[in-house]
Amino acid sequence: MSATEIIFWILSVLALVSGLMVIFSKNPVYSVLWLISLFFAISGHYILMNAQFLAIVNIIVYAGAIMVLFLFVIMLMNLSATAEPKKKVWMKFTGVISGGLLLWILLSVVRSSIDMRGKIAEVKTGDIGLVENLGKVLFTEYAVPFEICSVLFLSAMVGAVVIGKKEE
Amino acid sequence: MTLLTIDWSLIIEKLVLIAVVVLGSLVVALYSTYAERKVAAFMQDRLGPNRAGPFGLLQPLADGAKFFFKEDVIPVLANKWLFILGPTIAMSAALMTSAVVPWGNHIEIGGRIISLQIADINIGVLYVFGVVGMGVYGIMIGGWASNNKFSLLAALRGASQVISYELPMGICMITLIMLSGSLSLKDKVEQQMSSGHLWNIVYQPLGFVIFLICAFAECNRTPFDLAEAENELNMGYHQEYSSMKLGFYLFAEYINMLISSAVIVTLFFGGYDIPFLDESKLNPNTAAILGIIALMAKVVFFIFLFMWVRWTIPRFRYDQLMNLGWKKLLPLALINMLVTAAVILWLHK
């Protein structure tokens with residue numbers, strides 16, 4: 001095994017364990033903390049694929065900003081395991097079935113997609129994730145979708161301000 | 001069977017470098033506490049610590065020993081694991097930033113060139129941001145795990161303050177990236193050193209002022225130390241902490257001061273550049289050592305500035321803090337960025 005493979009396995013185990021712990025933790029604060037550790041594991045995978053920019057942006061945006069806001073809300077609501085209402089058995093049952101179906105669909109899409117077939121991740125060699133290449137591609141080949149995305153974000157921001165503004 | 005092929009000399013080189021940088025930061029932080037008390041004493045016309053050792057120079061060691069021997073109390077209703085995790089995160093996040101700061105140019109030992117930067121990654125500036133973002137969790141987790149209303153409120157204050165001031169800081173960084181065209185901190189220093197270029201402070205005076213104010217807020221230093229405002233929140237997020245766990249929180253603040261001074265110097269004041277001297281004519285080892293001295297001299301000045309401001313300006317109110325961040329600094333930073341972009345475009349046409 002090479003060093004890359006060893007790191008890959010460690011990161012994968014960390015990602016899976018954190019993902020499971022997000023679901024199984026009784027305390028919502030623990031769930032958020034495990035989710036942060038999941039983001040770190042995924043960023044590690046990005047770095048293995050030489051996508052440093054993606055890795056650090058994943059940490060800044062998700063682990064650094066969005067999760068802080070999650071923690072904020074959870075800490076202020078002061079949730080605890082006992083205060084949470086118990087769900088009925090049939091509700092849990094339907095949840096498991098619909099979740100399983102979604103997983104099935106996702107798996108089959110990923111497996112049968114033509115774009116994905118016969119391709120393997122470029123470990124250490126790919127350079128599309130570096131800032132320079134990513135920037136060039138975003139502002140030339142994908143300029144229109146990129147700009148549409150930013151308009152979408154802008155409208156979301158305006159919406160948030162409108163909702164957050166107190167009635168005069 | 002060869003399991004791993006590793007360049008052991010590289011690993012050893014990096015480990016030694018990490019050990020030196022971490023120990024160096026700890027020593028500087030240790031003596032920053034002493035300097036803080038001396039500066040405070042000077043500003044208030046007092047003598048300051050002068051009992052332990054000559055000029056009180058052993059005072060930080062005595063303080064450290066006292067922290068270790070104090071009783072370590074974990075409140076009964078506190079969340080034990082998170083209570084320990086809080087100061088751990090605060091301390092490690094503070095130390096991690098030092099990895100991308102170029103502390104000097106390279107030195108040569110026996111034909112081997114050793115760069116005095118632990119990791120010259122091409123996302124250096126963003127890495128600093130990511131780690132600063134992690135520092136928030138130290139405050140938030142510690143404050144929440146203490147199971148104390150004051151701690152929780154202080155933690156939430158601290159976190160929202162850090163998030164708010166990250167925005168103008170980030171925009172200033174974008175402006176600097178536009179100037180140098182690179183995210184690596186080493187490239188930035190080398191660009192400022194190259195002939196025909198001045199330090200970034202000349203091109204970005206407004207950006208520097210915004211960045212400096214944001215650095216004060218990010219370090220939770222006066223006038224923005226709302227997270228530990230003693231007259232409204234007792235002691236703030238570390239109220240329930242005692243012994244070395246409290247020491248870690250206090251210490252992390254001084255390390256943050258050191259690192260943010262180093263980042264400010266690297267971004268705006270040419271890093272390890274010595275003004276009016278062409279380093280390339282010197283022997284590389286001499287140049288590197290002189291560079292480290294130059295960098296540390298600039299850093300010490302900024303640490304002094306942090307203390308100077310602390311003992312001069314009173315604390316902001318919370319709404320004033322948010323007003324300043326969102327309604328003044330953010331628009332200013334945006335205007336600064338747009339003007340810089342326009343000028344760059346105009347000059348390159």
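Just so it is clear, the structure is predicted and the values come from calculations on it, not from any experiment. Naming: A, B, ... by sequence-line order, numbering from 1 per chain.
Chain A forms more heavy-atom pairs under 4.5 Å with one residue of V132(B), N79(B), L152(B), V136(B) than with any other, namely N79(B).
Between V68(A) and A159(B) the shortest heavy-atom distance is CG1-CB, 4.3 Å. Nearest approach of M140(B) to M75(A), heavy atoms of both residues: O-CE, 3.5 Å.
Looking at L156(B), the atoms closer than 4.5 Å to chain A (heavy atoms on both sides) sit in the backbone and in the side chain alike. With a 4.5 Å cut-off on non-hydrogen atoms, V131(A) touches chain B through its side chain but not through its backbone. Only the side chain of M134(B) comes within less than 4.5 Å of a heavy atom of chain A; its backbone N, CA, C and O stay farther away. For S182(B), no part lies under 4.5 angstrom from a heavy atom of chain A.
Within a 6.0 Å sphere centred on OH of Y127(B), other residues, nucleotides and ligands contribute more than 12 heavy atoms. For Y318(B), the OH atom counts as densely surrounded, since its 6.0 Å shell holds more than 12 non-hydrogen atoms of other residues, nucleotides or ligands. For E132(A), the CD atom sits in a loose shell: 12 or fewer heavy atoms of surrounding residues, nucleotides or ligands are nearer than 6.0 Å.
In this structure, I47(A) CD1 and I123(B) CD1 are separated by 6.5 Å, a value rounded to the nearest 0.5 Å. In this structure, I36(A) CD1 and I141(B) CD1 are separated by 6.5 Å, a value rounded to the nearest 0.5 Å. Taking CH2 of W81(B) as the start and OH of Y30(A) as the end, the distance is 9.5 Å to the nearest 0.5 Å. Atom-to-atom distance recorded for L33(A):CG and I89(B):CD1 is 7.0 Å, nearest 0.5 angstrom. Distance OH/Y137(B) to CE/M67(A): 7.0 Å, rounded to 0.5 Å.
You'll find the side chain of Q52(A) stays beyond 4.5 Å of the side chain of L126(B), heavy atoms only. For the pair V29(A) and L82(B), the minimum side-chain heavy-atom distance is below 4.5 Å.
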